[in-house]
Amino acid sequence: MDVTQQVPAIASRRSLGSAFRTLRAARWIAVLCLAAGSGACVLTQDLPDPALDVPTQYKYAGKRDAPPSLDWWRGFRAAELTQLMEEAQTVNLDIAAAVARIVQADAQARQAGAALLPSVSMAGSETYSRTSGSSASGLSIGGREVVNYSASLSASYQLDFWGQNRDALQTAEETANANRFDRDTVALTTLAAVANAYFQVLASQDRIRTSQRNIASAQRILDAVKERRRAGTGTDLDVAQQESVLANQRALVPPLRQTLDQNANALAVLVSRPPESVRVLGGSLDRIAIPRVTPGLPSELLTQRPDIRRQEAQLASATANIGNARAQFFPTIQLTGNGGYQSSALVSLFQPHAAFFQLVGSATQPIFDGGRILGNFELAKARQDELLQTYRKTIIQAFADVDNALFSIKQTTIKLQLQRDVVAASRRAFDLSEQQLRAGTADIVTVLNTQLTLFQAEDALSQAQLARLLAIVSLYQALGGGWEPRMEKPVNAL
């Protein structure tokens, strides 16, 4: 075959090979696009449905549907309580620690977002070297000095075909959001603790004053019994019985003072001050206004309670993490580039002939890893399922908390009304028995019974007042404390 016949044949084979390579490249591009498209379809997931029935109204709620205000504690109309609440929001150490966790989560989100952007680094160097001037014969042949200068710029970027880095970023961002809701949960718990401790202080002060009045009454009865003994109408047993009543009333005061001091110290811890620097004036539960608490609609509770929003954000983070774990089954495509200048003379370092560059594209496909990637994927799915069940339980518990608080308010209100009737009747019976004692017509046993009944009824009244206030605080806490989503510093990872 001559040369003129070989040229078309060679050209034909070259064109056929070129076409084959083009077809093969097109096929790989199609496979990559299909995988990328299917990966994006698989990795883009909505949150799983908790599949819960939201009640239309609370079991023990009225027809009022307005949620509580943000500064719900002002409804009690206690200036000292308001001051303590505002101070706790500013200086409480638990809240400060929760804020620090937000900063940590934001930093981790920025670290995760860095993988979506190329990394660029610059380097420069000066190398000085000298060769030996000694020969094999031992004669000096003169050394040689070499100086090299270089300046380079390197860049690398991972193509996020399968959304692995995007899902990692979303995981970190949702975790940061969960930490924001955690801060609000801690703040709500702290404010409820301040209110409870303050009302405990007031209740202790009321009970101490009641005990002091009862001590005075018991002393007055004791004096009357002693007069009857001197007059010959009373006995030593009567005196001893009344002395026992008086001593018992005095013994009740130290535990009440201890409770008062403990709750005052608890307030000091909540406002992050030494107990010696905190003085709680308190006052009386009788001067505390009773706010009109409205629970709102059950459907609003899903957005009112920060702990529910926190669990929702954690579930979203776990869902995104599943996409990240699934993407690890696919190849990793990396692009790197390196370029710069290199010269033995500094004056010619940035000349065109001193330039160099290198571009590299690489793909890494995991083949066998002993089940590490599969185990990580199954772990991510199990973690999502765990958080889904926790999310569902948090919602169910929230509805139960509101119903429990509403029922507690109802029952403690009834109890308080009945206890006031008990105190009024006991007070009237005691006054009558004291009058008859002084007139010499009352039996000492009757006087003892009526005064003990009154003392117990008055102490129970203070406890009933405290129970109703604590129930109201528990309702505010169950409703989210009038909280509303406030993302003052949303995470910005990119």
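What you see below is based on every heavy atom in this structure, not just the backbone, and it leaves out hydrogens, waters and symmetry mates. The residues of the chain are indexed from 1 along the displayed sequence.
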Q.
Is there a side-chain hydrogen bond (donor to acceptor under 3.5 Å, both in side chains) between Thr210 and Arg213? Walk through the geometry before answering.
A. CA-CA 5 Å; Thr210 299; Arg213 290 196 302 268; 3.2 Å; yes

Q: Please assess Gln384 against Thr319 for the test side-chain hydrogen bond (donor to acceptor under 3.5 Å, both in side chains), listing each intermediate value before the final yes or no.
A: CA-CA 6 Å; Gln384 183 205 39; Thr319 302; 3.1 Å; yes

Q.
Test side-chain hydrogen bond (donor to acceptor under 3.5 Å, both in side chains) on Asp286 and Gln465; report intermediate values, then the result.
A. CA-CA 8 Å; Asp286 294 330; Gln465 289 177 302; 2.7 Å; yes

Q | Evaluation steps, side-chain hydrogen bond (donor to acceptor under 3.5 Å, both in side chains), between Thr453 and Ser426 | A | CA-CA 6 Å; Thr453 300; Ser426 300; 5.7 Å; no

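Among residues two or more places apart in sequence or in another chain, the side-chain hydrogen bond (donor to acceptor under 3.5 Å, both in side chains) test is passed with Ser119 by Ser156.
Side chains of Ser211 and Phe455 form no contact here, defined as non-hydrogen atoms less than 4.5 Å apart. In this structure, the side chains of Thr175 and Gln314 stay at 4.5 Å or more apart for every pair of heavy atoms. Two residues are said to be in side-chain contact when any heavy atoms from C-beta on lie closer than 4.5 Å; Phe199 and Asn263 fail this criterion.
Within the 3.5 Å criterion, the main-chain N or O of Asn404 finds no donor-acceptor partner in the side chain of Ser408. Not one N or O on the side chain of Asp261 forms a donor-acceptor pair closer than 3.5 Å with the backbone of Arg257. Listed for the Trp162 side chain is a donor-acceptor partner under 3.5 Å among the backbone atoms of Pro331. Remark: the backbone N or O of Ala471 is paired with a side-chain donor or acceptor of Ser474 at under 3.5 angstrom. Under a 3.5 Å cut-off, the side chain of Gln205 and the backbone N or O of Gly283 do form a donor-acceptor pair. Judged by distance alone, with hydrogens and angles left aside, the side-chain atoms of Asp71 form no donor-acceptor pair with the main-chain N or O of Arg74 at under 3.5 Å. Within the 3.5 Å criterion, the main-chain N or O of Ala268 finds no donor-acceptor partner in the side chain of Ser272. Using modelled atom types, one side-chain atom of Ser317 and one backbone atom of Thr171 make a donor-acceptor pair closer than 3.5 Å. Without hydrogens or angle criteria, Arg468 side chain to Leu416 main chain gives no donor-acceptor distance under 3.5 Å. At distances below 3.5 Å, at least one donor-acceptor pair connects side-chain atoms of Asp403 with backbone N or O atoms of Lys59.
Ion pairing of Asp401 with Arg305 is present here, as a side-chain N (NZ or NE/NH1/NH2) and a carboxylate O approach within less than 4.0 Å. A salt bridge links Glu458 and Arg427; the closest N-O separation between the charged side-chain nitrogens and carboxylate oxygens is under 4.0 Å. The existence of a salt bridge linking Asp431 and Arg428 is excluded, since no basic side-chain nitrogen approaches an acidic carboxylate oxygen closer than 4.0 Å. Using a 4.0 Å cut-off between charged nitrogen and carboxylate oxygen, Glu378 and Lys381 do not count as a salt-bridge pair. A salt bridge is defined here as a Lys NZ or Arg NE, NH1 or NH2 lying under 4.0 Å from an Asp or Glu carboxylate O, and Asp182 with Arg310 meets this definition.
Between Gln463 and Asp459, the side chains place a donor N or O and an acceptor N or O closer than 3.5 Å (distance only, hydrogens not considered). Residues Ser284 and Arg287 bring no donor and acceptor atom of their side chains to less than 3.5 Å of each other. Defined by atom type and a distance below 3.5 Å, a donor-acceptor pair is missing between the side-chain atoms of Thr364 and Thr332. Checked by atom type, the side-chain pair Asn179/Gln104 shows no donor-acceptor distance below 3.5 Å. Side-chain atoms of Asp421 and Gln417 include no donor-acceptor pair closer than 3.5 Å.
Taken from CG in Leu475 to CG in Leu406, the straight-line distance is 5.0 Å, to the nearest 0.5 Å. Between atom CG of residue Leu159 and atom CG of residue Leu335 there is a gap of 4.5 Å, rounded to the nearest 0.5 Å. With values rounded to the nearest 0.5 angstrom, Arg166 atom CZ is found 9.0 Å from Gln170 atom CD. Arg209 CZ to Asp206 CG: the interatomic distance, rounded to the nearest 0.5 Å, is 4.5 Å. Within the model, atoms CD of Gln249 and CD of Gln451 stand 8.0 Å from one another, a figure rounded to the nearest 0.5 Å.
The aromatic rings of Phe76 and Tyr476 stand perpendicular to each other, their planes meeting at an angle above 60°, with 30° marking the opposite boundary.
Open room surrounds CG on Asp53; 12 or fewer heavy atoms of other groups in view lie less than 6.0 Å from it. The environment of CD in Gln83 is sparse: at most 12 heavy-atom neighbours from other residues, nucleotides or ligands sit within 6.0 Å. Counting heavy atoms of neighbouring residues, nucleotides and ligands inside a 6.0 Å radius, atom CZ of Arg77 does not exceed 12 of them.
Here side-chain hydrogen bond (donor to acceptor under 3.5 Å, both in side chains) pairs that include residues 188-204, with residues two or more places apart or in two chains, are Glu80-Tyr198.
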